[in-house]
Amino acid sequence: MFKKIVPLGLLAIAIAGPAWARTASADDAAALLNKANQMNYEEQETTKMAHSKAGDNQALITYADTIRGDHEANEEAVSALSRQKSIKLEGTNSDKVEKAPIKDLSGGAFNDAYLDEQIKGHKEALSMFESAKGNYKSDPDMELYIEQTLPVLQAHLKMAQNLRHRVSPMSAEDPSNNKSTTKGMGKSADQTSAR
């Protein structure tokens with residue numbers, strides 16, 4: 001009799017699937033969209049800081065512009081999806097941005113801290129979205145949102161890591177990215193001709 005029960009028990013487990021392969025609920029969708037909304041807010045606010053604090057590092061400013069544009073687009077997707085699903089977005093918490101240590105930095109120190117935060121934050125965001133992937137098989141809209149967001153987050157992480165390799169920690173800005181017209185030769189031609 002035991003032999004007959006075991007196969008039935010195994011069949012029930014096989015049909016149910018592993019515990020981690022569950023279908024996400026509406027609460028899970030709300031939690032994911034609210035976290036994404038907060039992430040988008042934080043990214044847009046820190047990119048504003050990058051513009052005023054990054055010095056002449058054009059590569060970092062270009063990176064920040066890309067991040068801002070992509071997170072603005074993601075914010076629109078989150079808003080549209082939350083309206084479609086009747087999910088109330090909780091709003092954003094400005095404390096993390098307002099109390100961020102990078103707020104008091106500038107130049108090379110800001111650039112280092114900003115890139116470190118970008119790498120850490122995008123790794124966390126990727127982990128969150130990757131763990132949500134596959135949980136929305138019964139919700140094609142959420143599944144599509146996750147599938148479209150993952151490659152963007154992966155690209156952001158790769159760009160931040162590449163910048164980190166180009167900008168050595170606690171250094172001055174990379175001279176090849178400077179807007180200076182002197183090309184590292186002291187006073188500009190405009191300054192010397194004015195004498």
Side-chain angles (χ1 to χ4, degrees), residues 32-79 89-131 146 148-195:
L32 181 68
L33 292 177
N34 273 291
K35 286 178 185 176
N37 189 49
Q38 179 67 30
M39 173 185 69
N40 290 326
Y41 167 77
E42 290 171 9
E43 288 295 340
Q44 290 175 63
E45 291 301 306
T46 56
T47 60
K48 291 175 190 174
M49 281 188 228
H51 267 272
S52 65
K53 296 176 175 284
D56 282 346
N57 192 318
Q58 280 305 114
L60 194 87
I61 291 169
T62 300
Y63 167 79
D65 288 342
T66 300
I67 295 297
R68 184 184 66 235
D70 289 348
H71 282 280
E72 285 172 353
N74 193 277
E75 180 180 33
E76 290 174 17
V78 167
S79 295
L89 293 178
E90 297 167 358
T92 53
N93 181 354
S94 61
D95 283 351
K96 188 173 178 184
V97 175
E98 290 174 12
K99 295 177 181 176
I102 66 169
K103 190 173 183 181
D104 299 324
L105 302 174
S106 63
F110 172 84
N111 298 349
D112 291 335
Y114 177 70
L115 286 173
D116 289 345
E117 278 193 9
Q118 287 294 303
I119 291 168
K120 180 182 177 217
H122 280 92
K123 283 181 179 179
E124 289 170 1
L126 272 168
S127 176
M128 178 179 75
F129 275 85
E130 284 171 349
S131 64
I146 292 167
Q148 290 177 339
T149 301
L150 276 167
V152 176
L153 292 172
Q154 290 164 344
H156 289 177
L157 176 60
K158 187 168 181 71
M159 286 187 290
Q161 289 170 328
N162 288 340
L163 274 173
R164 165 48 68 218
H165 292 300
R166 290 183 59 215
V167 177
S168 62
M170 294 305 292
S171 68
E173 290 77 24
D174 181 352
S176 67
N177 293 324
N178 285 348
K179 295 183 239 178
S180 170
T181 59
T182 66
K183 299 193 183 347
M185 300 297 190
K187 296 180 180 179
S188 69
D190 294 336
Q191 289 173 327
T192 53
S193 63
R195 288 186 179 183

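One-based numbering along the sequence shown.
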(request) Would you indicate whether the side-chain heavy atoms of Thr47 and Asp65 approach each other to under 4.5 Å? (result) no
(request) Enter the distance from Leu33:CG to Gln38:CD here, rounded to the nearest 0.5 Å. (result) 13.5 Å
(request) Taking Asn40 for its side chain and Ala36 for its backbone only, find out whether a donor-acceptor pair lies under 3.5 Å. (result) yes
(request) Determine the interplanar angle of the His156 and His71 rings, folded into 0 to 90°, and report it as parallel if under 30°, tilted if 30 to 60°, perpendicular if over 60°. (result) tilted
(message) One thing to verify: whether Lys120 and Glu117 come together as a salt bridge, which I'm taking to mean a side-chain N less than 4.0 angstrom from a carboxylate O.
(response) no
(message) Minimum heavy-atom separation for Ala54 and Ile61, please, with both atom names.
(response) CB-CG1, 4.2 Å
(message) For Ala113 versus Leu105, what's the shortest heavy-atom pair and its separation?
(response) CB-CD1, 3.6 Å
(message) Testing the basics here: between Phe129 and Met39, what is the closest heavy-atom pair and its distance to 0.1 Å?
(response) CE1-CE, 4.1 Å
N/O donor to acceptor pairs below 3.5 angstrom from side-chain atoms of residues 91-102, sequence neighbours left out:
from  : atom 1 : to    : atom 2 : distance (Å)
Asn93 : OD1    : Asp95 : N      : 2.9
Ser94 : OG     : Glu98 : OE2    : 3.1

(message) Among Val78, Ile146, Asn37, which residue satisfies the side chain to side chain contact (heavy atoms under 4.5 Å, CB included) criterion with Leu32?
(response) Ile146
(message) Working to the nearest 0.5 angstrom, can you tell me the gap between Tyr114 OH and Ile67 CD1?
(response) 6.0 Å
(message) Rounded to the nearest 0.5 Å, what separates atom CG in Leu163 from atom OG1 in Thr62?
(response) 9.0 Å
(request) Enter the distance from Lys103:NZ to Thr46:OG1 here, rounded to the nearest 0.5 Å. (result) 12.5 Å
(request) Kindly compute the distance separating CZ (Arg164) from CD1 (Ile119), expressed to the nearest 0.5 Å. (result) 6.0 Å
(message) With rounding to the nearest 0.5 angstrom, report the CD to CG distance, Glu124 to Leu157.
(response) 11.5 Å
(request) Any chance you could lay out the side chain to side chain contact (heavy atoms under 4.5 Å, CB included) test for Glu75 and Gln44, step after step, and finish with the verdict? (result) CA-CA 10 Å; Glu75 180 180 33; Gln44 290 175 63; 3.1 Å; yes
(request) Decide whether Gln118 and Gln161 meet the rule of one side-chain donor and one side-chain acceptor closer than 3.5 Å. (result) no
(message) Tell me whether the count of non-hydrogen atoms from other residues, nucleotides or ligands lying under 6.0 Å of CD in Glu72 goes above 12.
(response) yes
